[in-house]
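Values below: every heavy atom of this structure, side chains too, minus hydrogens, waters and symmetry copies.
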Amino acid sequence: MSPDGKSLLNIIVLGFGFMLMFTAFQTCGNVEQTVIKSYNSSEFHGSGYTSMAIIYGVFSASNLIAPSVVADLYIGYIAMFIHPFTWSFYTASVLVGVAAAVLWTAQGNVLAINSKDSTIGRNSGIFWALLQFSLFFGNIYIYFAWHGKVHIADKDRQTVFITLTVISLIGSFLFFLIQRPEPEAPPSDASESLLPPENSEGSSTSALQLSITKEMLLLSLSIGYTGLELTFYSGVYGTSIGAMTQFGQDAKGLIGLSGIFIGIGEILGGGVFGMMNKCNRFGRNPVVLLGLFTHFLAFFLIFLNIANNAPCAPEEGTDLQGFIMPSVEVALFCSFLLGLGDSCFNTQLLSIIGFMYREDSAPAFAVFKFVQSITAAVAFFYSNFLLLHWQLLIMVFVGFVGTIAFFAAEWIVVARHRDSDYDSI
C-alpha cells in the first residue's frame with residue numbers, strides 16, 4: 001500500500017473507532033438529563049447538566065497536563081448508567097474527563113501526522129463525517145427503544161446502556177489497528193513548511209506557548225463558541241424537546257429523533273466540505289460564515305418554537321409554549337441546522353489547526369480541546385438554571401465574535417503561506 005493510501009486508511013479507521021465509541025457517549029449525553037431526572041429518588045440525586053459540566057471541566061484541565069490514562073474510561077462511564085449511584089455518577093464524570101484529554105489530543109495528532117497541506121481539509125471532513133454517524137445510529141436506537149413512552153422503565157434504561165457499553169468497547173479495539181505512517185522527506189524549501197515563521201526553529205512547542213500566539217488567541221474565540229453550541233445541541237436542546245408536553249406522548253422519543261437529525265446535518269456538512277476541499281478556491285471563511293448563518297436561523301426558530309423554561313423543566317415537563325404553536329417539524333429542522341452549522345465550524349477549525357501546527361499537533365489540539373471543553377463546562381453549569389432565551393443570546397453574541405476572529409486568523413495564515421499551495425487546503 002502506498003504511503004498516501006496507508007495514511008487515508010488510518011484516518012478511516014480513526015473515524016470508525018470514534019464513531020463506535022461516541023455512538024455510546026454522544027447518545028448518552030443527548031438523553032442524560034432526561035434519564036437522570038427519571039432516576040432521582042431517595043437513593044440517587046444527580047443532574048445530567050452537572051455531570052457534563054464536570055466532564056468538560058476536568059477535560060479542560062487535563063489537556064494541560066496530558067496524563068497517561070486509557071480512553072476506555074469512556075466505557076466505564078456508559079456502564080455506570082446501568083445502575084447508577086450518586087457517588088459513582090460524579091466519580092465516573094471526573095474519570096471520563098481525564099480520559100477525554102488523552103483521547104482527543106491523540107486524535108488531533110493522528111489526523112495531523114497522516115495529512116499533508118493538500119489533504120488536511122479532506123481528512124478533517126472524512127473524520128468528522130464518520131464521527132458524527134455516532135449521532136445517527138445511537139439516536140435511531142434511542143428513538144425506537146423509547147418511542148411512545150411517557151415514562152422510561154428501569155428495564156428499558158438498562159437494556160439501552162448495556163448495548164451502548166458493548167458498542168463503545170468494540171470502538172476502543174479499533175484504535176489498535178492504526179499504523180504508524182511513513183515519514184515524509186523534509187521540505188526542500190522554507191516556504192513549504194506548515195509552521196508559522198516564529199515556530200520554525202524545529203524545537204517542540206508547549207501547549208502554553210501555543211496558547212498565547214496571535215493566531216491561537218484569535219482561534220480560541222471561535223473554538224470557545226463551538227464549546228457553547230456543543231453543550232446546546234448535545235445536551236440542552238434534546239432535553240428541551242423532551243420537556244415539551246405539547247408535543248404529546250412522543251416527546252421523549254423525539255429526543256432520539258432530534259439527535260438523528262443533528263447527525264444528518266453533521267454528516268452532510270463533514271462529507272460535503274471534505275469532497276469540496278479540492279475545488280475550494282476561497283479558503284475556509286465562506287464555510288464558517290455559512291455555519292454562522294445556519295446557527296442564527298436555528299436559534300431564531302428555536303426561540304419561537306420552544307418554551308423558555310424547557311431546559312430546566314421537571315420530569316413532568318412544561319405546559320408553556322414559545323411564540324408560535326409548538327411544531328415537531330420545526331424542532332427537527334432546527335436539529336438539522338444545529339448539526340450542519342457545527343460541522344461548518346469544526347471541520348474548518350480542524351483544518352486550519354492541522355495546517356498551521358502539523359509539527360506541534362499534540363499541543364495545538366490540546367489547546368483546541370482545552371478551550372472548547374472549558375466553555376462547554378461553563379455552559380453545562382449555567383444550563384441548570386439559565387432559561388432558554390438567555391442561552392440563545394449568549395451563543396449569538398459569542399458566535400458572531402468568534403466568526404470575526406476566525407476570519408482574522410485565516411487572513412494571517414493566507415499572508416504567511418502565499419507561496420504554498422494554499423488553494424488546495
> Is the backbone N or O of L387 less than 3.5 Å from a side-chain atom of N308, with the two atoms forming a donor-acceptor pair by type?
no

> Tell me if a side-chain donor or acceptor on S168 pairs with a main-chain N or O of T165 at a distance below 3.5 Å.
no

> Using the six-membered ring wherever Trp is involved, compare the ring planes of F18 and F22 and label them parallel, tilted or perpendicular (cut-offs 30° and 60°).
parallel

> With distance as the sole test, does T23 use its side chain to make a donor-acceptor pair with the main-chain N or O of M19 at under 3.5 Å?
yes

> Which heavy-atom pair separates A409 from L219 by the least distance, and what is that distance?
CB-CD2, 3.7 Å

> Closest heavy-atom contact between N305 and P326?
OD1-CA, 3.3 Å

> May I ask you to decide if the ring planes of F385 and F381 are parallel, tilted or perpendicular, using 30° and 60° as cut-offs?
perpendicular

> I'd like to know if the side chain of S335 reaches the main chain of A331, judged simply by a donor and an acceptor atom lying under 3.5 Å from each other, with no hydrogens or angles considered.
yes

> Donor-acceptor check, side chain of S115 to backbone of I120, threshold 3.5 angstrom: yes or no?
no

> Give a yes or no on whether the backbone of L254 and the side-chain of S258 come within a donor-acceptor separation of less than 3.5 Å.
no

> Can you find a pair of side-chain heavy atoms, one from M216 and one from F368, that are under 4.5 Å apart?
no

> Okay, side chain of S351, backbone of T347: is any donor-acceptor separation there less than 3.5 Å?
no

> Hey, is the main chain of D342 close enough, under 3.5 Å, to the side chain of H295 for a donor-acceptor pair?
yes

> Please state whether the rings of F299 and Y225 are parallel, tilted or perpendicular, taking 30° and 60° as the class boundaries.
perpendicular

> Apply side chain to side chain contact (heavy atoms under 4.5 Å, CB included) to L9 and Q179, showing your working.
CA-CA 9 Å; L9 180 61; Q179 306 173 59; 4.2 Å; yes

> Could you check whether any side-chain N or O of E410 sits under 3.5 Å from a backbone N or O of R284, counting only pairs where one atom can act as donor and the other as acceptor?
yes

> For side chain to side chain contact (heavy atoms under 4.5 Å, CB included), just list the numbers for F323 and I306, CA-CA rounded to whole Å, side-chain angles, deciding distance to a tenth of an Å, and then say yes or no.
CA-CA 8 Å; F323 294 92; I306 302 296; over 6 Å; no

